[in-house]
Number of protein chains: 2
Amino acid sequence: MTESTRPMRRQDIRRENEKAILLAAEKVFAEAGFGGATMQLIADLAGLPKANLHYYFATKEELYRSVVQNIFEIWLQAANCFDAARGPVDGISAYIDAKMEISRRHPDGSKVWASEVMHGAPVLQDYMESTLREWTDGRVEIIRRWIEEGKMDPVDPRHLLYMLWATTQHYADFGHQIETLNGGKSLSDRQWREAKENIKRVILTGIGAQPA
Amino acid sequence: MTESTRPMRRQDIRRENEKAILLAAEKVFAEAGFGGATMQLIADLAGLPKANLHYYFATKEELYRSVVQNIFEIWLQAANCFDAARGPVDGISAYIDAKMEISRRHPDGSKVWASEVMHGAPVLQDYMESTLREWTDGRVEIIRRWIEEGKMDPVDPRHLLYMLWATTQHYADFGHQIETLNGGKSLSDRQWREAKENIKRVILTGIGAQPA
DNA sequence: CTGAAAGTTGACCATACGGTCAGGATGCAA
DNA sequence: TTGCATCCTGACCGTATGGTCAACTTTCAG
């Protein structure tokens with residue numbers, strides 16, 4: 001993996017190895033789940049001996065925790081789109097774009113996150129009860145304001161958020177199914193664009209934020 | 001589990017035990033994933049010795065396969081709502097109702113299915129390429145006809161189906177997250193009704209099948 | 001240059017898990 | 001009642017896996 005012949009600085013070594021391990025781990029956890037993933041597989045994929053993994057991450061749980069926390073960060077960053085916006089059309093459009101981009105570029109991360117939640121969030125329960133809840137409450141408030149200002153129909157903000165999460169993440173989590181139904185081929189640039197446009201159109205029209 | 005003192009007929013014994021095992025397995029697979037599930041746990045939950053499990057299901061894979069096939073059956077049954085309908089409002093409403101009912105009553109099944117797809121459908125690949133594809137193509141054709149007949153806007157049928165799957169299944173697969181954001185309480189009857197109504201409203205309005 | 005700190009790794013260990021099996025218990029047809 | 005097929009299960013086995021460790025190499029501050 002890191003095959004430069006010349007010597008590396010300590011700092012770089014650490015950063016590069018951790019990065020390689022986290023990347024490999026994300027993939028393996030996504031493909032096999034926590035229980036099905038093995039440290040050996042992750043090590044092989046990262047191009048390191050297994051013992052070296054345990055030097056950087058003492059236990060499988062610790063490694064998994066790091067992976068999931070990373071994903072949660074990305075997840076939250078996409079959220080900022082929401083705040084800057086002036087109305088639902090801008091805000092929700094931008095959010096859908098951001099989330100779809102994540103689904104396309106980080107499908108493994110999305111899967112690990114889905115898996116974590118499906119199994120009852122054993123690692124991230126505290127984050128969900130604090131950070132996620134705060135973020136959600138904030139967005140609910142924004143949507144409520146949009147409704148009050150007559151910028152969209154009175155749709156339940158929470159269920160709207162769930163709908164946004166569901167539709168966008170579906171393209172990562174169920175990517176294999178979509179691919180199969182697409183003749184075994186992954187979606188093309190055009191199809192991804194169509195997907196985004198469809199989602200935006202249906203939802204923005206559906207909440208009365210734009211005319212049919 | 002099956003604690004009647006009086007003797008059982010052979011047929012009944014087999015049926016009851018298989019049922020208990022499949023139920024327990026569905027739960028454990030949903031909670032722990034295939035890799036994280038253990039035959040011992042399933043056996044305990046079913047109230048049987050582990051060796052007895054292997055009498056009915058030779059291997060873990062075989063048991064898993066049975067569970068997933070069962071789920072796929074239920075999945076397909078909900079599909080029939082679609083066919084009887086005269087137009088998108090009836091058809092999609094009924095389908096959303098059916099899928100939401102599954103999400104509420106069989107969340108474990110939904111999770112196992114999600115897990116199976118996320119991991120690349122190692123068991124159900126052939127089903128997806130045959131049965132699921134045929135079903136989908138059929139529904140795409142129905143939706144296309146509705147569009148031709150002017151009963152809804154020209155929305156891409158496939159992406160519409162994905163949206164329906166995503167939004168409804170989300171309430172099962174991400175039930176834990178929804179519950180957490182609901183103050184740690186599972187959704188009430190009323191909240192489930194609201195969820196359904198919101199989804200129907202946004203989608204049916206969004207595709208131009210009903211006025212805003 | 002030197003020594004301590006950081007990084008590397010093959011060999012090893014304990015355990016948990018999927019699966020087997022032999023022998024006993026039970027239902028049932030004749 | 002008898003004999004057979006089905007059902008049941010404790011004890012056992014081989015393997016895979018997470019994790020440890022001690023010896024080794026490399027980096028780098030002073």
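Order of the sequence lines fixes the chain letters, A, B, ..., with proteins taken first and strands second; residue numbering starts at 1 for each chain. The analysis underlying the following values was restricted to heavy atoms, covering all of them including side chains, and did not include hydrogens, waters or symmetry mates.
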Over how many whole Å does the gap from [X] atom [atom1] to [N] atom [atom2] extend?
{"X": "B:Ile13", "N": "C:dA25", "atom1": "CD1", "atom2": "P", "result": "16 Å"}
{"X": "A:Arg15", "N": "C:dG7", "atom1": "CZ", "atom2": "C1'", "result": "16 Å"}
{"X": "B:Asn52", "N": "C:dG18", "atom1": "CG", "atom2": "C1'", "result": "16 Å"}
{"X": "A:Asn17", "N": "D:dT26", "atom1": "CG", "atom2": "P", "result": "15 Å"}
{"X": "A:Leu53", "N": "C:dG10", "atom1": "CG", "atom2": "P", "result": "13 Å"}

With sequence neighbours excluded, tell me which residues meet side chain to side chain donor-acceptor pair (under 3.5 Å) with A:Arg105.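 Only A:Glu101 meet the side chain to side chain donor-acceptor pair (under 3.5 Å) criterion with A:Arg105.
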Can you name the residues that form a side chain to side chain donor-acceptor pair (under 3.5 Å) with A:Glu62, not counting sequence neighbours? none
Under 4.0 Å, counting only non-hydrogen atoms across every strand here, what does B:Tyr56 touch: a base, just sugar-phosphate, or nothing?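 Sugar-phosphate contact only.
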Please tabulate the protein-to-nucleotide N/O contacts below 3.5 Å involving nucleotides 18-24 of chain D, giving atom names and distances.
residue	atom	partner	partner atom	Å
D:dG18	OP1	A:Ala37	O	3.1
D:dG18	OP1	A:Lys60	NZ	3.2
D:dG18	OP2	A:Met39	N	2.9
D:dG18	N7	A:Lys50	NZ	3.0
D:dG19	OP2	A:Lys60	N	2.6
D:dG19	N7	A:Lys50	NZ	3.1
D:dG19	O6	A:Lys50	NZ	2.8

Using atom types as modelled, flag every donor-acceptor pair under 3.5 Å from a side chain in residues 68-77 of chain B to any protein atom, sequence neighbours excluded.
residue	atom	partner	partner atom	Å
B:Gln69	NE2	B:Tyr127	OH	3.1
B:Trp75	NE1	B:Gln169	OE1	3.4

Once the angle between the rings of A:Tyr162 and A:Trp165 is folded into 0 to 90°, is it parallel (under 30°), tilted (30 to 60°) or perpendicular (over 60°)? tilted
Any donor-acceptor N or O pair under 3.5 Å, side chains A:Gln40, A:Asp44: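 Distance-only check passes for A:Gln40 and A:Asp44.
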Answer yes or no: is there a side-chain heavy-atom contact under 4.5 Å between A:Ser115 and A:Phe29?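 Side-chain contact under 4.5 Å: no.
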Heavy-atom side-chain contact between A:Lys99 and A:Thr167 under 4.5 Å: no
Atom pairs under 3.5 Å: protein N/O with N/O of nucleotides 3-6 of chain C:
residue	atom	partner	partner atom	Å
C:dA5	N3	A:Arg10	NH2	3.1
C:dA6	O4'	A:Arg10	NE	3.4

Sequence neighbours excluded, every pair satisfying salt bridge (Lys or Arg N to Asp or Glu O under 4.0 Å) that has a member inside residues 136-145 of chain B: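 Residue pairs with at least one partner in residues 136-145 of chain B: B:Asp83-B:Arg139, B:Asp137-B:Arg158, B:Glu141-B:Arg144.
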